[in-house]
Amino acid sequence: MNPPNSRLPLRCWAEIDLAALERNLRLIRASLPAHMRYVAVVKADAYGHGLPQTAARLMHAGADLFAVATLAEAATVRELGPGWPVLLLSPLLPEEDRYLAEYDLTATVSSIEEVDRFEAAGRVAGRVISVHLKIDTGMGRLGVWHEQTASVYEHLARAPHLRLAGVFTHFAAPEEAAFTSEQRRRFLAALAACQGIPLDSIFVHADNSAGIETMSSATPFNAVRIGLLQFGILPHPNSLLSEVHTEPVFSFLTRVGLVKSLPAGYTISYGRTYTLGRPTRIAILCAGYGDGIPRAVSNRAQVLIRGTRCPVLGRVTMDQTIVDITDAGDVRCGDEAVIVGRQDQAEISIAEFSTWADTIPWETLCSITKRVPRVYRTVLGT
Ligand SMILES: *Cc1c(COP(=O)(O)O)cnc(C)c1O
């Protein structure tokens, strides 16, 4: 990551298995109806996996479209692949409009004001700008309120410098079957109100990773937006998608910096929140919240050392974390410690780690800091 430091030994790093990413895309595709197009969601540095490397591999694996949040992310994808459609999922600031034409990007449109702005940007640039019309069916975030879809659509259809390339909505609670089917119903009703909308030749999409559990092929939906699942992480523990057998792409590792023994009754770390109940061997790990081990996992998380689960003792600090290695055998300075991932037969999943941190895998992945180099395994997948 950091060229001046790239030859130094790793202290805390993330391993990204790009071959697993590619296999995951193929497995997800194979589990969907054949006509479904694959929108790869790679916002937030591809969920912390590293945007250029991830997007390049997903292009190789045959993603149909990329979805990002910001212009900077869009420019990174555009740099990799001219001609690849790139959809911006977030609203644009007025002074960003001109980059739609300059970088050949697809904007999300939610209102008549945005239609007018993007039309003006296309006119000034002398180019036609692609847009996806978003319909708010219950998320309460972007999109035109579903009952007003037709007015925005008609305005858009009359804009000579805009081309409708897709329509979509977003589920607020894909785990709630009843509300999700109501959102699908509102979406279809909104589309039915748009006279002449060419559904066969545009992207029609609603489903994120969790949504595809309840997708039916008897609808006009012809694309899915996959973020979390392509990284081998299920959207919730009982997900039907476990049948798809995706594999984790991301592991988070550090190393033991010091080993020592302390007597029973001694207290550990800031605030003295842990008292040793027995004479204890501890290891000091070379990673803390400055790397993305949240302070919330203090006294809760475990790490794998020599294939054994070792509990975190006391508060996580900025650069170091203390673990109990009494039961882990002959631990030495320099040994690897797995924060998320596999070691021998043992595994700590990102879901388990996120529970200790009282958060969700999406946020855990976004919380790995830029001090942590991403190390890529680039063996071609099968
Ligand atoms: C982030 C995002 C997705 C991807 O969601 P996952 O649950 O990670 O699959 C899909 N659609 C929109 C609009 C998003 O913002």
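A quick note: this is a predicted structure, and the numbers were derived from the prediction, not measured. Whatever order the structure lists ligands and atoms in, that order sets their numbers, starting from 1. Count residues from 1 along the sequence.
For atom 7 (O) of ligand 1, the nearest protein heavy atom (residue, atom name, distance) is Trp362 NE1, 3.4 Å. Here the heavy atom of the protein found nearest to atom 11 (N) of ligand 1 is Arg225 NE, 2.7 Å. Ranking protein heavy atoms by distance to atom 4 (C) of ligand 1, first place goes to Tyr47 OH, 3.4 Å. Protein heavy atom nearest atom 2 (C) of ligand 1, with residue, atom name and distance: Lys43 NZ, 2.4 Å. For atom 12 (C) of ligand 1, the nearest protein heavy atom (residue, atom name, distance) is His170 CE1, 3.3 Å. The protein heavy-atom contact nearest to atom 9 (O) of ligand 1 is Ser209 OG, 2.5 Å.
Remark: ligand 1 atoms within the under-4.0 Å shell around heavy atoms of Arg141 are 15 (O). Close approach of ligand 1 to Leu228 (heavy-atom distance below 4.0 Å) involves ligand atoms 6 (P), 8 (O), 9 (O).
Ring planes of Phe203 and His205: perpendicular class, angle over 60° (limits at 30 and 60°). In this pair, Phe231 and His49 present their aromatic rings parallel. The plane angle is below 30°, not in the 30 to 60° band.
In terms of polar-atom proximity, defined here as any N/O pair under 3.5 Å, Gly227 does make such a contact with ligand 1. Between Lys134 and ligand 1, not a single N/O pair is under 3.5 Å apart.
Looking at Arg98 and Leu92, their side chains never come closer than 4.5 Å, going by heavy atoms from C-beta outward.
Between Phe221 and Phe187, the gap from one ring centroid to the other is short of 6.0 Å.
In this structure, SG on Cys333 lies 13.0 Å from NZ on Lys260, to the nearest 0.5 angstrom. Taking CG of Asp45 as the reference point, atom NZ of Lys370 lies at 11.5 Å (rounded to 0.5 Å).
Nearest heavy-atom pair, Leu304 versus Arg342, reported as atom, atom and distance to 0.1 Å: CD1-C, 4.3 Å.
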